[in-house]
Structure formats: C-alpha cells, structure tokens
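Position 1 is the first residue of the sequence, and the numbers go up from there. Keep in mind that this is a model prediction, so the values were computed, not measured.
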Amino acid sequence: MSAITPMMQQYLEIKEQYDDCILFFRLGDFYEMFFSDAEIASRELEITLTGRDCGLEERAPMCGVPFHAADSYIARLISKGYKVAICEQVEDPSQAKGIVKREVVRVVTPGTITDLSQLDDKKNNYLVCIYNYIDCYGLAAVDLSTGEFLSTYIDSGNSFNKLLDEIAKYAPSEIIVNQAFIDDKDSIEKLRSRFNSYLSEFDEGLFINENTGIKVAEKFGQEVLEGINIYSLRACEALLEYLHQ
C-alpha cells in the first residue's frame with residue numbers, strides 16, 4: 001500500500017467506509033470513480049472508461065462525470081438499484097496543505113431520493129424497514145417525497161406470506177432488514193424473487209437497544225408509544241435512524 005499515491009490512499013480509505021456504494025469522488029470540476037466502481041459506472045452510464053496512475057504497476061480504472069450534471073447520472077444509477085456516496089472537497093484547495101480534505105456529505109439510495117426531478121410523480125417511492133423475530137415481523141414504511149410514515153406488525157400463522165402481501169402494498173424501491181431476516185436464506189430468496197427492490201441489512205443494535213422508542217416519541221409524540229407493537233416499534237426506530245444516517 002505504501003506505493004499508492006496520497007490521493008488514491010485517501011480515496012481507498014473513504015471507499016472502505018462506503019463499500020456498498022458507488023463513490024462519487026470530487027476532483028475539481030468532476031466526480032471521479034475508480035477501480036470496480038469505475039467499471040460499473042462506465043457500463044451502466046455508458047461513459048468512457050479510462051485509467052489513472054495511482055502508484056501501482058497498473059493504472060487504476062477510472063471514469064468521471066461533470067459535477068454540474070451529476071444529478072442525472074446519480075438518478076440513472078439509483079434507478080438501476082445502486083447506492084451512491086457523494087464525496088466532496090470540504091476545504092479550499094488553495095488553502096490546503098497537502099491533499100485536499102474530502103468527506104462523504106450524502107448517501108443516496110433508491111428509497112431516500114428527495115429530488116422530485118428524479119422521481120415518478122405518478123407513484124409513491126417507499127422505503128420499507130422490516131424487523132424479524134422468529135415468525136413475527138414489524139414493518140415500517142416511509143415516502144420521503146410526501147412525508148407519509150406507516151407501520152404495522154404481523155404475528156405468527158402464515159406470517160411470512162402475510163408479510164409479502166403487506167410489502168406488496170408499497171412496491172418499495174428499497175427494503176432494509178435485520179440480521180435475523182438476512183440469516184433466513186429461503187426468506188431472502190423469496191423476497192428478492194418477488195420484489196425488484198434494493199435490499200440491505202441494518203445493524204441489529206439499531207433495532208434493539210436501551211433507547212428503543214426515543215426516536216419515535218421525539219418524531220411523533222409520546223402518546224404513540226402507548227399503542228404500538230414492540231416489533232413495529234423496532235422497525236420504526238431503525239427506519240428513523242437509517243434516514244438520519
């Protein structure tokens with residue numbers, strides 16, 4: 001790793017933190033992508049794949065898009081089921097000592113788009129969060145473009161099929177699940193085969209912790225906690241935390 005240029009070292013360190021995203025790395029007037037991200041973006045966006053000297057024996061695959069036109073390219077990637085992390089220069093290059101400081105300022109996922117120009121105005125864009133405990137499920141759904149936030153729970157008794165029917169009501173662009181759901185390979189395969197949604201796992205600790213209920217109470221009022229099912233509550237808490245992050 002010592003042979004890698006300082007700029008590329010910075011890129012790799014940031015990319016490691018967002019390894020499930022395509023990283024838009026700001027370099028001057030362009031967002032550049034490297035290595036596998038560049039290969040994916042070049043194919044999906046139909047843009048030229050080039051290379052950049054990075055200190056290794058072989059040049060790093062690279063492609064880029066102008067920063068002023070980035071929204072349309074991001075929308076195309078999101079529509080194809082990818083997540084995009086936007087990494088900006090957060091200091092004036094003329095004032096920087098060494099490499100310009102860069103940070104990810106936003107992560108765009110299929111369910112968290114807020115730019116109306118990137119959405120279909122004829123349908124909702126739901127993000128669904130599912131908490132699974134044995135054969136019980138809590139479900140929360142949000143459409144950020146309208147502010148609608150809904151939740152329910154499904155208890156034992158053909159519960160998985162009921163869950164699929166419930167998810168179908170939303171036709172979500174993105175689904176978040178907990179570790180217990182991920183571990184059930186059969187359920188995951190059925191979920192993938194029925195819904196064309198971006199699927200990701202969220203840290204189990206964000207579904208269950210000593211502060212469960214605080215975010216829901218802060219957002220919707222303390223009285224909401226009196227009638228909400230615990231599994232539904234855990235899905236709501238995790239969904240709010242996901243949106244915050």
Side-chain angles (χ1 to χ4, degrees), residues 75 77-83 107-204 206-208 212-213 215-217 219-221 223-245:
L77 288 171
I78 297 301
S79 70
K80 294 174 181 290
Y82 297 98
K83 294 168 65 175
V107 175
V108 186
T109 71
T112 59
I113 298 172
T114 54
D115 185 347
L116 296 180
S117 67
Q118 300 180 30
L119 294 170
D120 184 344
D121 60 6
K122 294 182 175 62
K123 64 179 183 179
N124 289 92
N125 185 51
Y126 283 110
L127 166 62
V128 163
C129 182
I130 301 167
Y131 172 74
N132 172 217
Y133 179 76
I134 308 178
D135 57 352
C136 297
Y137 300 92
L139 182 148
V142 66
D143 181 346
L144 287 181
S145 66
T146 65
E148 185 177 26
F149 195 105
L150 305 160
S151 71
T152 189
Y153 74 95
I154 301 161
D155 54 19
S156 57
N158 197 30
S159 57
F160 183 72
N161 287 330
K162 291 178 182 177
L163 173 69
L164 294 180
D165 290 341
E166 188 67 30
I167 296 171
K169 296 177 183 178
Y170 303 101
S173 60
E174 182 176 359
I175 300 173
I176 310 160
V177 298
N178 66 330
Q179 182 64 52
F181 201 116
I182 286 288
D183 289 342
D184 186 342
K185 303 303 182 185
D186 183 55
S187 293
I188 285 292
E189 286 306 311
K190 289 179 180 177
L191 192 68
R192 290 186 188 279
S193 65
R194 181 161 175 182
F195 302 104
N196 184 28
S197 308
Y198 185 94
L199 185 64
S200 59
E201 175 195 346
F202 206 33
D203 185 359
E204 192 79 19
L206 298 173
F207 286 87
I208 305 174
T212 295
K215 288 184 176 62
V216 170
K219 192 69 176 176
F220 302 110
E223 63 277 5
V224 172
L225 300 181
E226 297 175 5
I228 193 169
N229 173 273
I230 184 61
Y231 303 134
S232 177
L233 177 61
R234 288 172 178 171
C236 291
E237 284 280 297
L239 181 53
L240 289 172
E241 177 60 24
Y242 184 81
L243 295 176
H244 174 72
Q245 290 188 12

A.B. asks: Taking side chain as C-beta onward, heavy atoms only, is L150 less than 4.5 Å from Y170?
C.D. replies: yes
A.B. asks: Before you tell me yes or no, could you show the steps for T152 and Y137 under side chain to side chain contact (heavy atoms under 4.5 Å, CB included), namely the whole-Å CA-CA distance, both residues' side-chain angles and the distance that decides it to 0.1 Å?
C.D. replies: CA-CA 9 Å; T152 189; Y137 300 92; over 6 Å; no
A.B. asks: Any donor and acceptor pair, going by atom type alone, linking the side chain of S197 with main-chain N or O of L199 inside 3.5 Å?
C.D. replies: no
A.B. asks: Answer whether the closest heavy-atom distance between the side chains of L225 and F220 falls below 4.5 Å.
C.D. replies: no
A.B. asks: Would you give the length of the straight line joining atom CG of L127 to atom OH of Y198, rounded to the nearest 0.5 angstrom?
C.D. replies: 12.0 Å
A.B. asks: Going by distance alone, is a donor N or O of one side chain under 3.5 Å from an acceptor N or O of the other, for S232 and N229?
C.D. replies: no
A.B. asks: Report the distance from atom CG of D135 to atom OG of S159, rounding to the nearest 0.5 Å.
C.D. replies: 4.5 Å
A.B. asks: Ignoring hydrogens, what is the shortest heavy-atom contact between I182 and K185? Give both atom names and the distance.
C.D. replies: O-NZ, 3.6 Å
A.B. asks: Checking N178 against N132: is there a side-chain donor and acceptor pair closer than 3.5 Å?
C.D. replies: no
A.B. asks: Side chains of T109 and E174 only: does a donor on one sit below 3.5 Å from an acceptor on the other?
C.D. replies: yes
A.B. asks: Answer whether the closest heavy-atom distance between the side chains of I154 and E166 falls below 4.5 Å.
C.D. replies: yes
A.B. asks: Quick check on Y153: does its OH atom have over 12 non-hydrogen neighbours (other residues, nucleotides or ligands) under 6.0 Å away?
C.D. replies: no
A.B. asks: Could I get the full list of ring pair (Phe, Tyr, Trp, His ring centres under 6.0 Å) partners for Y242, not counting sequence neighbours?
C.D. replies: F202
A.B. asks: Check side-chain contact (heavy atoms from CB on, under 4.5 Å) between K190 and all other residues, then give those that pass, not counting sequence neighbours.
C.D. replies: F160, D186
A.B. asks: Might you confirm whether atom OH of Y133 has over 12 heavy atoms from other residues, nucleotides or ligands at distances under 6.0 Å?
C.D. replies: no
A.B. asks: Could you tabulate the donor-acceptor pairs under 3.5 Å formed by side-chain atoms of residues 233-241, not counting sequence neighbours?
C.D. replies:
unit_1: R234; atom_1: NH1; unit_2: Y131; atom_2: OH; d: 3.1
unit_1: E237; atom_1: OE1; unit_2: G213; atom_2: N; d: 3.2
unit_1: E237; atom_1: OE2; unit_2: G213; atom_2: N; d: 3.4
unit_1: E237; atom_1: OE2; unit_2: K215; atom_2: N; d: 3.1
unit_1: E237; atom_1: OE2; unit_2: V216; atom_2: N; d: 2.8
unit_1: E241; atom_1: OE1; unit_2: K215; atom_2: NZ; d: 3.3
unit_1: E241; atom_1: OE2; unit_2: Q245; atom_2: NE2; d: 3.0

A.B. asks: Roughly how far, to the nearest 0.5 Å, is OG of S145 from OH of Y126?
C.D. replies: 8.5 Å
A.B. asks: Kindly say whether L139 contributes a backbone atom to a donor-acceptor pair with the side chain of S151 at under 3.5 angstrom?
C.D. replies: no
A.B. asks: Are the side chain of S173 and the backbone N or O of P110 linked by a donor-acceptor pair below 3.5 Å?
C.D. replies: yes
A.B. asks: From L243 CG over to C129 SG, what is the distance, rounded to the nearest 0.5 angstrom?
C.D. replies: 9.0 Å
A.B. asks: Ignoring hydrogens and geometry, is there a side-chain-to-backbone donor-acceptor pair from T112 to V108 under 3.5 Å?
C.D. replies: no
A.B. asks: Would one find more than 12 heavy atoms of other residues, nucleotides or ligands at under 6.0 Å from atom NZ of K162?
C.D. replies: yes
A.B. asks: Tell me whether D165 at atom CG has more than 12 heavy atoms from other residues, nucleotides or ligands lying less than 6.0 Å away.
C.D. replies: yes
A.B. asks: Rounded to the nearest 0.5 Å, what separates atom CG in D155 from atom CD1 in I134?
C.D. replies: 12.5 Å
A.B. asks: Roughly how far apart are I130 CD1 and I175 CD1, rounded to 0.5 Å?
C.D. replies: 5.5 Å
